[in-house]
Number of protein chains: 2
Amino acid sequence: MTDESAGPPGPVTVTELIERIDAVAPGLPKRLRQCATFTRRHLHLLAVSTVADMARAAEVAPSVYIRFCQGLGFSGYSEMQALFRERYSEFRPDYSVRFANLREGASPDAAPGVDRLIADFAESGHKSLLRLRNTVTSSAADRIASDMAAARVVHLVGARRAFAIVANMAYLLDKMGVETQVRPAAGLIATQAALRPGDIVFAVTFAPFSQETLGFAREADAAGIVVHGLTDDESGPLAEVARALLVAREDEVAGFRAPTAAIALSTALCVAAGALRTET
Amino acid sequence: MTDESAGPPGPVTVTELIERIDAVAPGLPKRLRQCATFTRRHLHLLAVSTVADMARAAEVAPSVYIRFCQGLGFSGYSEMQALFRERYSEFRPDYSVRFANLREGASPDAAPGVDRLIADFAESGHKSLLRLRNTVTSSAADRIASDMAAARVVHLVGARRAFAIVANMAYLLDKMGVETQVRPAAGLIATQAALRPGDIVFAVTFAPFSQETLGFAREADAAGIVVHGLTDDESGPLAEVARALLVAREDEVAGFRAPTAAIALSTALCVAAGALRTET
DNA sequence: CAATAAATGGAACGTATATTCCGTTTTCCG
DNA sequence: CGGAAAACGGAATATACGTTCCATTTATTG
């Protein structure tokens, strides 16, 4: 017979590959099963790793990993890896055409090009992150992190666009054992009574600045509570009340901004606070 | 002199690489500048492409691309590529050692180096954004955007880490005239009745996956409502219910992740949906 | 417990890739 | 316009990688 392969045909999609691995894994000998379980958990490494890398990571010999691939229906490691490299860069065959489209700007068809928008926001994110290093003063960041770590409760305030930042911080700080309270956009004054000595306020607001957030910060400041903040304009209204102020300016795409730099910065801040707290 | 290299030292982070390219590009001859502009636009291909691929895509000879790498301070293409492959292959440390990792690289004094953490998260953000362009399938993004634009109400579900993403989307979609409802983490079943024909559900969940979010998505799917989603594992449980699935995998810093790529992706998606809605 | 089959890991092999070399072309100054 | 320096691209070379082979070890069965 011309097709001597007794084994089943090789998977042509990632979904098929996963199903195949799950199907054969239980009946596999020790080393081969190591390949299966590790590969299943680290599928994303396939595109960028050599067979030696994968084998070492799965704690098997390279030849064993090759046999694992072959047992799945591939001719070897390279063929299996190709499955992932294709998927990672879909336009590989159309390089020149695609590149021309990029140069020209808008794509020829009427579609608004979600693809291109994603690329634009990714590029915009790069720029925002690059600028982040220039706008942040490390002394302010240090002070905020240590105050957060020492605080009884960290009160987080932010509305509209800033609310996502605050939500992310609340999640992180909570996981790290720092007690937080997220102040809702409405009814701020009513909850003012909950502020007590030892608490701090972290206010987040971007232009155009939220009056509710600023109002809460001012009242807290007047009550003697330490207020820190994050904004996108170092000379904005938040600078007047915040003792330490972080600045994250976002690049924009056609007038829209993703809070990329702010998310990165605030995450770093929370991790730093968590590290300080567990340290002492 | 022992160190004969007149050129500057090679970049050791993606951030430095981007800055270096932008700095030298203007003064470069024709072919080398082609390398610069193409590389700058398609950084994400570096991890999965050979030098021949990159050269062909940039429409230069392989040797020219090598010289481009060397002009940047690398010994060759492989060294530059390693910059992008390194971080991918790191394993996830256990929770207990994450903070220990942080202190290890910190400055000698007791301070945990918030400054350094910010730089690390910025670098991590770059890598997440680079990978974003490899993991997103444009057909899925197109479909989600058009479904969102056409939907009566977009129901957003996300808990914990995913909640910040959902909050950002709610703000954006709302601003663009797309009606949204954010489903709270608790009491999901009670609100199930609010789902009506013409609505769609957008579910966001990252590993370890939220049972509440998955449960809501499953119920909506069973009720015949279109469910789309965003996650960080294309083979995760959300893949079973979502008709179109977006994937944003985040790079990590000592075990901690900022939702940088997810924020950029979801923002692009919302802007696309808004553009579609106002267009018609 | 012995005999047989399967599995394993290291070493050898062939191929594909990155890198260097050098003749040719283009660009830059005088 | 002419000479020198830089840049370019294709061919040659070195290296790294995937793959196969085979001796040894481990599991299986009568």
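Proteins come first, then strands; the chains are lettered A, B, ... in the order of their sequence lines, and each starts at number 1.
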Minimum-distance nucleotide to B:Lys30 side chain [options: C:dA7, D:dC8, D:dC17]: D:dC8
Counting N and O atoms only, with roles assigned by atom type, does the side chain of B:Gln34 sit under 3.5 Å from a partner on the main chain of B:Ala55, one being a donor and the other an acceptor? no
Round to a whole Å and report the spacing from CZ of A:Phe68 to P of C:dG9. 15 Å
List, with names and distances, any nitrogen or oxygen atoms from the protein found under 3.5 Å away from nitrogen or oxygen atoms belonging to nucleotides 9-12 of chain D.
{"residue": "D:dG9", "atom": "OP1", "partner": "B:Arg31", "partner atom": "NE", "Å": "2.9"}
{"residue": "D:dG9", "atom": "OP1", "partner": "B:Arg31", "partner atom": "NH2", "Å": "3.0"}
{"residue": "D:dG9", "atom": "N7", "partner": "B:Ser63", "partner atom": "OG", "Å": "3.0"}
{"residue": "D:dG10", "atom": "O6", "partner": "B:Ser63", "partner atom": "OG", "Å": "3.2"}

Take the protein atom CG of B:Leu28 and the nucleotide atom P of D:dA7, then report the distance between them rounded to whole Å. 9 Å
Atom CD of B:Gln34 and atom C1' of C:dT26: how far apart are they, to the nearest Å? 14 Å
Note: B:Asp22-B:Arg40 ion pair, threshold 4.0 Å (strictly below): yes
Can you confirm whether A:Glu79 is buried at CD, in the sense that more than 12 heavy atoms of other residues, nucleotides or ligands lie under 6.0 Å from that atom? yes
Do the side-chain N and O atoms of B:Asp142 and B:Ser139 include a donor-acceptor pair separated by under 3.5 angstrom? no
Just call it for A:Gln70: base, sugar-phosphate, or nothing, with non-hydrogen atoms closer than 4.0 Å on any strand. sugar-phosphate
Could you tell me the separation between the OH atom of A:Tyr65 and the CE atom of A:Met54, rounded to the nearest 0.5 Å? 3.5 Å
Rounded to the nearest angstrom, tell me the gap between atom CZ in A:Arg56 and atom C1' in D:dG18. 15 Å
Rounded to the nearest angstrom, tell me the gap between atom CE in B:Met54 and atom C1' in C:dT17. 16 Å
Nucleotide D:dA27, atom P - distance to CG of A:Leu32 in whole Å: 14 Å
Rounded to whole Å, how long is the line connecting atom CZ of B:Phe74 with atom P of C:dA18? 15 Å
In whole angstroms, the gap separating C1' of C:dC21 from CD1 of B:Ile66 amounts to 13 Å
Side chains of residues 266-273 of chain B: which donor-acceptor pairs under 3.5 Å do they make with residues two or more places apart or in other chains?
{"residue": "B:Ser266", "atom": "OG", "partner": "B:Ala262", "partner atom": "O", "Å": "2.8"}
{"residue": "B:Ser266", "atom": "OG", "partner": "B:Ile263", "partner atom": "O", "Å": "3.2"}
{"residue": "B:Thr267", "atom": "OG1", "partner": "B:Asn168", "partner atom": "ND2", "Å": "3.1"}
{"residue": "B:Thr267", "atom": "OG1", "partner": "B:Ile263", "partner atom": "O", "Å": "2.6"}

